[in-house]
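Beneath this line is the structure, given in structure tokens, with notes to follow.
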Amino acid sequence: MYKKIMVPVDLAHFDVIEPSLQVAADQAKHYGAEVCYVAVTATTPSSVAHNPEEYQQKLEAFAQERAKVHGQPVSARVITCPDPIADLDDVLIDAIDEVGADLVIMPTHPPKHLDVVIPSHGGKVATHTKASVFLVRPLQD
């Protein structure tokens, strides 16, 4: 049913993305789908990399490690933009078409009252694309 799964990742926050990575691995195995890991970064240095090229190298290494978990083909794409925080939703929506994803698996936070004023990234992505979107909540202790 699914051929390409896009998984937005932030290499600075493994604890937040780990549950969605596991779901993506399970779905990739089940459907025999390729997994495309997508990261959005600024052109300025960050805690992960000094520049977008270094971030791309780290994301590709990350993707290859994840391929060992699920055994499916992987790809990695770093997208640069001037303000990743403000532009994240739109950049992810554009990336879905660019990479040809038919399923997006991404982490999300538990519902909050503030969501009425500031909607979640996953909610916006789901309402602005034809791809299926699977939102993964954090693990409950």
Side-chain angles (χ1 to χ4, degrees), residues 1-140:
M1 181 169 184
Y2 299 110
K3 292 180 172 66
K4 192 163 197 176
I5 301 170
M6 185 178 107
V7 182
V9 298
D10 182 345
L11 296 179
H13 296 98
F14 282 112
D15 55 328
V16 175
I17 65 171
E18 183 56 41
S20 62
L21 294 175
Q22 187 56 53
V23 171
D26 292 345
Q27 294 301 305
K29 282 189 237 180
H30 180 77
Y31 290 109
E34 176 186 339
V35 181
C36 180
Y37 297 97
V38 173
V40 180
T41 189
T43 56
T44 55
S46 69
S47 63
V48 175
H50 294 95
N51 54 52
E53 293 77 19
E54 182 182 358
Y55 204 115
Q56 179 72 38
Q57 292 170 349
K58 290 184 176 190
L59 185 63
E60 287 174 4
F62 168 82
Q64 293 306 316
E65 283 300 312
R66 294 304 301 176
K68 294 175 186 175
V69 173
H70 53 68
Q72 297 302 312
V74 295
S75 56
R77 173 138 155 110
V78 171
I79 302 168
T80 58
C81 71
D83 190 350
I85 294 171
D87 300 332
L88 183 63
D89 298 337
D90 294 330
V91 170
L92 290 177
I93 291 164
D94 290 344
I96 294 167
D97 289 333
E98 289 172 16
V99 303
D102 48 15
L103 174 62
V104 180
I105 298 176
M106 59 190 295
T108 190
H109 61 275
K112 301 175 189 168
H113 295 293
L114 192 57
D115 290 341
V116 173
V117 179
I118 304 171
S120 70
H121 297 296
K124 183 169 180 187
V125 170
T127 58
H128 289 83
T129 183
K130 292 180 182 178
S132 296
V133 179
F134 189 139
L135 302 177
V136 181
R137 298 216 189 274
L139 299 174
Q140 299 297 319

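Quick note: numbers below take in every heavy atom, side chains included, and nothing from hydrogens, waters or symmetry partners.
- Between Ala76 and Ala63, the closest heavy-atom pair is CB-CB, 4.2 Å.
- Below 30°, between 30° and 60°, or above 60°: for Phe62 and Tyr37 the angle between ring planes is above 60°, a perpendicular geometry.
- Within the 4.5 Å cutoff, the side chain of Val35 has no heavy atoms near those of the Arg66 side chain.
- Within the 4.5 Å cutoff, the side chain of Val38 has no heavy atoms near those of the Val91 side chain.
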Subject >> side chain to side chain donor-acceptor pair (under 3.5 Å) between Glu60 and Gln56, intermediate numbers included >> reply: CA-CA 6 Å; Glu60 287 174 4; Gln56 179 72 38; 2.8 Å; yes
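- The two residues Ala42 and Pro84 have their closest heavy-atom pair at N-CG, 3.4 Å.
- Put simply, the side chain of Lys58 never gets that close to the backbone of Ala49: no donor and acceptor are under 3.5 Å apart.
- Once rounded to the nearest 0.5 Å, the distance linking NE2 of His30 with OH of Tyr2 reads 10.0 Å.
- Between Ile93 and Val125, the shortest heavy-atom distance links the atoms CG1-CA, 4.0 Å.
- Separating the OG atom in Ser20 from the CD atom in Gln27 is a distance of 12.0 Å, to the nearest 0.5 Å.
- To the nearest 0.5 Å, atoms NE2 (His70) and CG (Asp26) are separated by 10.0 Å.
- Contact annotation: the side chain of Val40 approaches that of Cys81 to within less than 4.5 Å [non-hydrogen atoms, C-beta and beyond].
- The shortest distance between side-chain heavy atoms of Val7 and Met106 does not fall below 4.5 Å.
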**OP:** Report the C-alpha distance between Met6 and Leu92 in whole Å, list the side-chain angles of each, state the deciding distance to 0.1 Å, and finish with yes or no for side chain to side chain contact (heavy atoms under 4.5 Å, CB included).
**Re:** CA-CA 10 Å; Met6 185 178 107; Leu92 290 177; 4.2 Å; yes
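- Atom CG of residue Leu59 and atom CG of residue Asp10 lie 10.5 Å apart, to the nearest 0.5 angstrom.
- Here the straight-line distance linking atom CD1 of Ile79 with atom CG of Asp87 works out to 11.5 Å at 0.5 Å rounding.
- At most 12 non-hydrogen atoms from other residues, nucleotides or ligands lie less than 6.0 angstrom from NZ of Lys3.
- The minimum heavy-atom distance linking Cys36 with Val99 is given by the pair SG-CG1, 3.8 Å.
- Pairing each heavy atom of Pro8 with each of Pro107, the nearest pair is O-CD, 4.2 Å.
- Heavy-atom minimum distance, Val78 versus Pro52: CG1-O, 4.3 Å.
- With hydrogens and angles ignored, the 3.5 Å screen pairs no side-chain donor or acceptor of Tyr55 with any backbone N or O of Thr80.
- We find the CD1-CD1 distance between Ile105 and Ile17 to be 13.0 Å, quoted to the nearest 0.5 Å.
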